[in-house]
Student: 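Submitted below is the structure of interest, expressed as structure tokens.
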Amino acid sequence: MIDTGVSAMIDFKYQAINVLIKDYRERKAKIEKDNNFLQKNFIYNYDEHGNIIDEICSLRTFTKIETNKGVCKEEIYSKIVNKLGFKYGHFPEIDCRIDEIADNVKHLLNNAATKDLDAYCEVVKEIFAPAEGYFYYQDLGKALIDILCSRHLDSIEINDNWVSRYSRVIKLLDRDHFEMVCAVICYCTFKGQISPKVSAVYQKKLESMDSRSVHSLMIRAVTYNSQGCVIEAIKMCIEGLKQCEVENNIYYTFRFYTCLGIISQTIDFGNLGTQYLLKARDIVVNNRDFFSNEELFSMYINLATYNFVRCNYTETLNAYREANNLMKWEVLPTGFHPFLVALVKTGNIEELKSVIKIALDHKDNYPEESLKLMVYYKMKFIDESSDEELMEYIMSEKSSFGRHNIFTYHILNDLKSYALSTKRYKPFVDFYENPVVI
């Protein structure tokens, strides 16, 4: 029996439950190739021999559930959800706060300091904690928390297996939340977590919304830049800065200037890139109560990388040292390669030796390619290996050294003249002229 007289809040909840039932069942049937999860078979419970024990509900009722045309009895929902591997129950204390939480998420994401978002993220986790493992609550809570965490884009874990139900649940809230989800999904393609085919669907939806929320414009700018669509990324940043001026939005003014500075690393903006990054830095420095140390630290690393690309080695070191003064590191941060090269180029060899020793004491924290680079510098400046030994090392680790890697290019270039004058090192010269593309 299908009951249709439900309130707006209950209606939303059961719509979400219905779409999640369909999504989980279809994925079991299609991805795990389990015939028991085909619609015509799912409505029955079976014994260990494959014989039907009882019927959960009629096929007609189950079809109405999956097509979202009504709500069934609680005992039927419980049996369906249990068969999908979840617990089923209701938490009125959470239900009555969904609209409040959703509105707070939207407001904080566009206006608040990151520390306030992080604090509210803990509040949401606490609200949903009693419902851990329960159908509907688990997905909705995770989706809202991921939206809150989307300023920390690199920490979000999204994959093809659950992206559709993630977006479906949020779509039932409102357009703005769905737009935020689409933006995060598009970005996660760049990280390799989501296939381009899946992402393309959401990118098209995101573009069709033509949103002017600063959060959406920011993620669209980052996504476009990661895809090589530089002009589109710049347009998003300019539009975002205009919107920030209207809203007096400090946080996203900082983010858009930072994004323009990062884009400037790949195209020739003259001194504009430095100006953008310095504007972003000044915003953080002049509003320390609003920004975290991590955000200022990241700002200095971006400034260091930008100056390095333009061979401004002294400015590169100054930015890294500011970062180190802010957050004394025992382990070098991600993207530390310019720091090492800049130390060499400016003749700060003793400091380089100290940095290398610290880094190699924590070698488990670095990817293989970074370790190879540090080993090279250790051989050259601490072990004082000969040029012959250095070239032999590079030739034995070709996959980690290539001229098209801007950092290792400096290493190859330093050895080039010696290699050219030594006929038996012709393989190194050939490698220099035809390097591995990294």
Student: Got a sec, which residues hit side chain to side chain donor-acceptor pair (under 3.5 Å) with Asp34, two or more places apart in sequence or on another chain?
Tutor: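 None.
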Student: Evaluate the side-chain proximity of Leu144 to Phe128: yes if any heavy-atom separation is below 4.5 Å, no if none is.
Tutor: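 SC-SC contact between Phe128 and Leu144 confirmed.
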Student: Would you call Ile21 and Tyr77 a side-chain contact if the rule is heavy atoms closer than 4.5 Å?
Tutor: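 They are in contact (side-chain heavy atoms under 4.5 Å apart), so the answer is yes.
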Student: Once you round to the nearest 0.5 Å, how far does CG of Asn225 lie from CE of Met236?
Tutor: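 If we round to the nearest 0.5 Å, Asn225:CG and Met236:CE are 12.5 Å apart.
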Student: Would the number of heavy atoms belonging to other residues, nucleotides or ligands and lying under 6.0 Å from CD of Glu93 be above 12?
Tutor: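 Yes, because the 6.0 Å sphere around CD of Glu93 holds more than 12 heavy atoms from other groups.
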Student: Within a strict 4.5 Å, meaning less than it, do heavy atoms of the Leu317 and Arg321 side chains meet?
Tutor: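 Answer yes - side chains close enough.
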Student: Can you list the steps and then say if Lys125 with Ile145 is a side chain to side chain contact (heavy atoms under 4.5 Å, CB included)?
Tutor: CA-CA 7 Å; Lys125 288 179 181 177; Ile145 289 167; 3.4 Å; yes
Student: Using modelled atom types only, decide if a donor and an acceptor are shared between the side chain of Asp23 and the backbone of Val19 within a distance under 3.5 Å.
Tutor: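 Side chain of Asp23 to backbone of Val19, a donor-acceptor pair under 3.5 Å: no, none is there.
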Student: What's the verdict on side-chain hydrogen bond (donor to acceptor under 3.5 Å, both in side chains) for Asn302 and Arg281, showing C-alpha distance, side-chain angles and the deciding distance?
Tutor: CA-CA 10 Å; Asn302 286 328; Arg281 182 202 62 186; over 6 Å; no
Student: Kindly determine whether Phe339 and Phe308 satisfy side chain to side chain contact (heavy atoms under 4.5 Å, CB included), including the steps that lead there.
Tutor: CA-CA 8 Å; Phe339 184 39; Phe308 176 80; over 6 Å; no
Student: Measure the CD1-CG distance between Ile98 and Asp103 for me, rounded to the nearest 0.5 Å.
Tutor: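 Answer rounded to 0.5 Å: 11.5 Å.
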Student: Do Lys380 and Ser385 have side-chain heavy atoms sitting under 4.5 Å apart?
Tutor: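 No - every pair of side-chain heavy atoms lies 4.5 Å or more apart.
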Student: Once rounded to the nearest 0.5 Å, what's the spacing between atom CG of Asn18 and atom NZ of Lys13?
Tutor: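 Interatomic distance, Asn18 CG to Lys13 NZ, rounded to 0.5 Å: 12.0 Å.
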Student: Answer yes or no: are there more than 12 heavy-atom neighbours, outside Glu132 itself, under 6.0 Å from its atom CD?
Tutor: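 Check fails, neighbour count at 12 or below.
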Student: Mind running side-chain hydrogen bond (donor to acceptor under 3.5 Å, both in side chains) on Thr346 and Asn348 for me, showing each step along the way?
Tutor: CA-CA 6 Å; Thr346 55; Asn348 289 276; 2.7 Å; yes
Student: I'd like to know if the side chain of Tyr46 and the backbone of Asn41 have a donor-acceptor N/O pair within less than 3.5 Å.
Tutor: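 Present.
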Student: For Phe86 and Tyr134, run side chain to side chain contact (heavy atoms under 4.5 Å, CB included): C-alpha distance rounded to whole Å, both residues' side-chain angles, the deciding distance at 0.1 Å, then the answer.
Tutor: CA-CA 6 Å; Phe86 294 90; Tyr134 279 82; over 6 Å; no
Student: Between the side chain of Glu389 and the main-chain N/O of Ser386, is any donor-acceptor distance below 3.5 Å?
Tutor: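 Pair found, side chain donor or acceptor close to backbone of Ser386.
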Student: Is a donor from one side chain sitting under 3.5 angstrom from an acceptor on the other, for Gln243 and Glu247?
Tutor: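 Yes - a donor-acceptor pair under 3.5 Å links their side chains.
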Student: If the test is side-chain contact (heavy atoms from CB on, under 4.5 Å), which one of Ile94, Val124, Val123 qualifies with Ile101?
Tutor: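 Answer after filtering Ile94, Val124, Val123: Val124.
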Student: Nearest heavy-atom pair of Pro338 and Thr305: which atoms, and what distance?
Tutor: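 That would be CG-OG1, 4.4 Å.
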Student: Roughly how far, to the nearest 0.5 Å, is CG of Asp99 from CG of Asn104?
Tutor: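 Atom-to-atom, Asn104:CG and Asp99:CG are 11.0 Å apart.
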Student: Can Ser298 and Glu295 be said to form a side-chain hydrogen bond (donor to acceptor under 3.5 Å, both in side chains), step by step?
Tutor: CA-CA 5 Å; Ser298 177; Glu295 285 164 327; over 6 Å; no
Student: So that I know where these two stand, are Tyr24 and Phe135 an aromatic pair - ring centroids less than 6.0 Å apart?
Tutor: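 Aromatic pair counts; centres sit under 6.0 Å.
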Student: Between Lys279 (side chain only) and Thr274 (backbone N and O only), is there a donor and an acceptor less than 3.5 Å apart?
Tutor: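 No, because the side chain of Lys279 does not come within donor-acceptor range (under 3.5 Å) of the backbone of Thr274.
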Student: Between Ile80 and Ile65, does a side chain to side chain contact (heavy atoms under 4.5 Å, CB included) hold up when you go through it step by step?
Tutor: CA-CA 11 Å; Ile80 291 171; Ile65 292 169; 3.9 Å; yes
Student: Work out which heavy atom in Gly133 is nearest to a heavy atom in Gln138; give both atom names and the distance.
Tutor: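 Taking every non-hydrogen atom into account, CA-OE1, 3.4 Å.
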Student: Atom SG of Cys244 and atom CE of Met218: how far apart are they, to the nearest 0.5 Å?
Tutor: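 Output value for this atom pair is 9.5 Å.
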Student: Are Lys242 and Val246 close enough that some pair of their side-chain heavy atoms sits under 4.5 Å apart?
Tutor: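 No - every pair of side-chain heavy atoms lies 4.5 Å or more apart.
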Student: Do the ring planes of Phe291 and Phe254 sit parallel (below 30°), tilted (30 to 60°) or perpendicular (above 60°)?
Tutor: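 Rings of Phe291 and Phe254: perpendicular, as their planes differ by over 60°.
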Student: Taking the six-membered ring for Trp and the full ring for Phe, Tyr or His, determine whether the centres of Phe91 and Tyr137 are under 6.0 Å apart.
Tutor: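 Yes, the ring of Phe91 comes within the 6.0 Å limit of the ring of Tyr137, centre to centre.
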Student: Identify the two heavy atoms, one from Leu117 and one from Leu108, that lie closest to each other, and give their separation to 0.1 Å.
Tutor: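 Between these two residues, the closest heavy atoms are CD1-O, 2.9 Å.
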Student: Which pair of heavy atoms, one from Arg25 and one from Glu66, lies closest together, and at what distance?
Tutor: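 Closest pair (atom of Arg25, atom of Glu66, distance): NE-OE2, 2.6 Å.
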Student: How far apart are the closest heavy atoms of Val214 and Gly240, and which atoms are they?
Tutor: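 The pair with the smallest heavy-atom distance is CG1-O, 4.3 Å.
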Student: When rounded to the nearest 0.5 angstrom, what is the spacing between CG in Leu38 and NZ in Lys33?
Tutor: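 Those atoms lie 10.5 Å apart.
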Student: Ignoring hydrogens and geometry, is there a side-chain-to-backbone donor-acceptor pair from Asp116 to Ala112 under 3.5 Å?
Tutor: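 No, the answer is negative, given that no donor and acceptor are paired below the 3.5 Å cut-off.
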Student: Got Phe37 and Asn35 here, is their nearest side-chain heavy-atom distance under 4.5 Å?
Tutor: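 They are not in side-chain contact.
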Student: Are Phe42 and Lys28 side-chain neighbours, meaning at least one heavy-atom pair lies under 4.5 Å?
Tutor: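 Not in contact.
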Student: Are Ile382 and Tyr377 close enough that some pair of their side-chain heavy atoms sits under 4.5 Å apart?
Tutor: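 Ile382 vs Tyr377: side chains apart.
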Student: With a cut-off of 6.0 Å (strictly less than), are more than 12 heavy atoms of other residues, nucleotides or ligands near CD of Glu245?
Tutor: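 For Glu245, atom CD is not crowded (no more than 12 foreign heavy atoms under 6.0 Å).
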Student: Which residues pass the side chain to side chain donor-acceptor pair (under 3.5 Å) test with Tyr257, sequence neighbours left out?
Tutor: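 For Tyr257 there are no side chain to side chain donor-acceptor pair (under 3.5 Å) partners, ignoring immediate neighbours.
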Student: Go through Asn82 and Tyr88 one step at a time and tell me if the side-chain hydrogen bond (donor to acceptor under 3.5 Å, both in side chains) criterion holds.
Tutor: CA-CA 7 Å; Asn82 289 338; Tyr88 183 75; over 6 Å; no
Student: Using a 6.0 Å distance limit plus a 45 degree cone around the ring axis, check whether Arg310 lies over the aromatic ring of Tyr306.
Tutor: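 The answer is yes; both the distance and angle limits are met.
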Student: Give the minimum heavy-atom separation between Val81 and Lys87, together with the two atoms involved.
Tutor: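 Taking Val81 first and Lys87 second, the nearest heavy atoms are CG1-O, 3.6 Å.
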Student: For the residue pair Tyr252 and Phe256, does the interplanar ring angle fall in the parallel (under 30°), tilted (30 to 60°) or perpendicular (over 60°) class?
Tutor: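 Correct class here is tilted.
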